[in-house]
Amino acid sequence: MVVAEADLVLDRPRPRVNWTPYVLVLPAFVFLGLFFIYPMVQAIWLAVTDPQSGAFTLSHFRRMSGDLYFRQAIRYTLTITALAVPLQVMLGLAIALLVNTRFRGHSAFLYLTAVPIGISDLAAGLIWLSIFTERGYLNAVLQKLGLIEVPAIFLSVERPDWLLGAVVLTEVWRATAIVMVILLAGLQLIPKDYAETASVFGAGRWQTLRHVILPLLGPSLQTALIIRTILAFQLFATVVILAGRQIPVLAGEAYFWYSLYRSPNVASAYAVLILLFSGSITWLYLRFLRPGEGRA
Amino acid sequence: MTLRRLGIYSAALVISAWVAVPLLLISIAAFTPRDVLYQWPRPLWPEQFTLETMRFFLRFTGVWQSTLNSVFVAVLTIGLAFAIAAPASYALARFRFRGRDSLQLAILATKMFPATVLSIPLAVAFIRWHLYDTLLGVALVHTALSIPFVTVIVTSVFVGISYELEEAAMTLGSSRAQAFLRVTLPMALPGLAAAGIFTFVLSWNEVFAATILTLNHRTLPALIVDSVIGAGAPLHFRFAGGFFMIVPALIIIFLIRRYLLTLWGVTVR
């Protein structure tokens, strides 16, 4: 990997303070300040001030929490995250380990399993809609097998569990690839001799995996968990396509409050809530899943 | 040993099918005649394929224009992201300076930043800055989202090119800028192209910010979300749209497959 060679060039000694790197870094610094720090501050500001008078108020948060969809949105967002993320990590790990055995055809396999990285949540929703919709492929298959006579309706408000299942499945299908790539990059940083040494000392494959590979993979697992959980809190298009507003989620509510009810303030309150969720889950992961040295 | 091989191959086969079958199904759906899509019993494999469904999608009001908008936004994003991130990547790859590690960490942290959190306050700000409902406004947000990715790829590309070559050019009398342009840049081009291509996908796929920040100048994903939520677009429109959105992804992931691990891998030292 290119990455591991980073030190070679950098350790060249460089006398006197050189201002060139600071000048080179400045545009990125200013831009990120303008488009990351500013909106974050602005979101908090919008969420706690009155649009007319500019005075401090908690009314937007009260409107948000008083809304019918609020509790459901929190519950569904957390449920989807809790179901999808562990599945993504397990499947992602399995694929990464498979690729790492370097079986014949592993590069084609890697390419195929990485394809969903380039697929948006919107497109993934549409793909699985073609499967789960009333005249979709799933019903066609069930009918061919003689299991049903009339099309079953999977995506309906009367069956929230099915809706939830469809969303989770779509998320696992789409986002496992990112986890896989993170973990594979981590696996390739582990020197081959570690596993070899373990097997010389009589460790079986599973033992090697459990006691040598997985602990060394800690930082990558942590990164994968953090990235996937935070992205799961932003889940929007997949849900909107498969379930409309029957499965309310936080990002979806932010969208509806902004576009439908024209209230940027309540939408910002949702944005702040997502920010709080993301911040606290990252903190929890860093605090309680500390691998050797905590790299983010 | 052969049992293990068998296990590996069958697992690989099952997982490949899990990824590939839905892609295959949407591709079939996009070329299935409209009436077959609504038929019951629904045939799995249509007797004949047709371009009619795709043609219906592409002729749908606004689709063509929003596709152009999407491409324009993506190209603008690539330009902006490179102008801003490439110098920083060069600095990260070639210099050791104070604050380098914290900068790298900050850039990595932005990778996990919710587009949701950015978009809504920025929509309010953009109205004031006259950027609301403009393609430039969308491109600026996409630039912010792509900078972390462009930075990690481009940094790794520069790290991979020996600094000694640049130094040699400087000893032979060229300036640092000349050495960069004549020596490093040509060698970096494939990697830079990969970063550009990835930025294109990121912008082409981005839904939330584009939906929030535009009204009449929709990008393609924003238009599709709009026509599904607002207008309840018919199923064949949705399938054709889904297929149309993933075609670039299939090509693009293939082109940048060498850099897949760099994109998401842990690259902070």
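Numbers restart at 1 for each chain; the letters A, B, ... are given by sequence-line order, proteins then strands.
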- Message: Would A:I119 and B:L23 count as a side chain to side chain contact (heavy atoms under 4.5 Å, CB included) here? Give the steps.
- Response: CA-CA 10 Å; A:I119 293 177; B:L23 292 173; 3.6 Å; yes
Which answer fits [X], side chain, backbone, both or neither, if we ask what part of it has an atom under 4.5 Å from a heavy atom of chain A?
X      : answer
B:V207 : side chain
B:T143 : both
B:F237 : neither
B:I224 : side chain
B:A115 : both
B:Y9   : side chain
B:I147 : side chain
B:E206 : neither

To the nearest 0.5 Å, tell me how far [X] [atom1] sits from [Y] [atom2].
X      : Y      : atom1 : atom2 : answer
B:R238 : A:L122 : CZ    : CG    : 10.5 Å
B:I8   : A:R102 : CD1   : CZ    : 12.5 Å
A:I127 : B:M245 : CD1   : CE    : 10.0 Å
A:T20  : B:Y90  : OG1   : OH    : 9.5 Å

For [X] versus [Y], what's the shortest heavy-atom pair and its separation?
X      : Y      : value
B:I120 : A:A267 : CD1-CB, 3.7 Å
B:A12  : A:F109 : O-CE1, 3.3 Å
A:V25  : B:A91  : CG2-CB, 3.8 Å
B:V124 : A:P264 : CG2-CB, 3.7 Å
B:R128 : A:Y38  : NH1-OH, 4.0 Å
B:P43  : A:K144 : CA-NZ, 4.0 Å

Checking [X] against chain B: side chain, backbone, both or neither under 4.5 Å from a heavy atom?
X      : answer
A:R104 : both
A:L98  : side chain
A:L26  : neither
A:L112 : both
A:A43  : both
A:L32  : side chain
A:V179 : neither
A:T113 : both
A:I148 : side chain
A:F256 : side chain

Hey, can you pull the donor-acceptor pairs under 3.5 Å for the side chains in residues 131-140 of chain A, sequence neighbours left out?
from: A:R135; atom 1: NH1; to: B:Y38; atom 2: O; distance (Å): 2.6
from: A:Y137; atom 1: OH; to: B:L25; atom 2: O; distance (Å): 2.9
from: A:Y137; atom 1: OH; to: B:A29; atom 2: N; distance (Å): 3.2
from: A:N139; atom 1: OD1; to: A:A152; atom 2: N; distance (Å): 3.1
from: A:N139; atom 1: ND2; to: A:E134; atom 2: O; distance (Å): 2.6
from: A:N139; atom 1: ND2; to: A:A152; atom 2: O; distance (Å): 2.6

- Find out whether A:T101 and B:R4 are in side-chain contact, i.e. whether some heavy atom of one side chain is under 4.5 Å from a heavy atom of the other. yes
- So do B:F254 and A:V115 actually touch side chain to side chain, heavy atoms under 4.5 Å? no
Leading residue by heavy atom contact count with chain B [cutoff under 4.5 Å; candidates [options]]:
options                        : result
A:Y258, A:F236, A:W173         : A:W173
A:G125, A:P151, A:A254, A:S259 : A:P151
A:L275, A:V23, A:V41           : A:L275
A:F31, A:F29, A:F36, A:F35     : A:F36
A:V150, A:L183, A:T176         : A:V150

- Task: Name all residues meeting the side-chain contact (heavy atoms from CB on, under 4.5 Å) criterion together with A:P116; count only those two or more places apart in sequence or in a different chain, and write none if there are none.
- Result: A:A177, B:V19
Tell me which of these, [options], has more heavy-atom pairs under 4.5 Å with chain A than the rest.
options                        : result
B:I252, B:I28, B:L140          : B:L140
B:P41, B:P221, B:A144          : B:A144
B:V228, B:V225, B:L202, B:I229 : B:I229

Give a yes or no on whether the backbone of [Y] and the side-chain of [X] come within a donor-acceptor separation of less than 3.5 Å.
X      : Y      : value
A:Y22  : B:F97  : no
B:N205 : A:D121 : no
A:Y255 : B:T116 : no
A:Q42  : B:A125 : no

- Check the pair A:L129, B:F239 against side chain to side chain contact (heavy atoms under 4.5 Å, CB included), reporting the backbone distance first and the verdict last. CA-CA 8 Å; A:L129 180 72; B:F239 299 159; 4.2 Å; yes
- Ring geometry between B:W18 and A:W128 (parallel below 30°, tilted from 30 to 60°, perpendicular above 60°): tilted
- Query: Does atom CZ of A:F103 have more than 12 heavy-atom neighbours from other groups under 6.0 Å away?
  - Reply: yes
- Task: Please lay out, stage by stage, how B:F244 and A:L126 fare under the test side chain to side chain contact (heavy atoms under 4.5 Å, CB included).
- Result: CA-CA 11 Å; B:F244 191 70; A:L126 294 165; over 6 Å; no
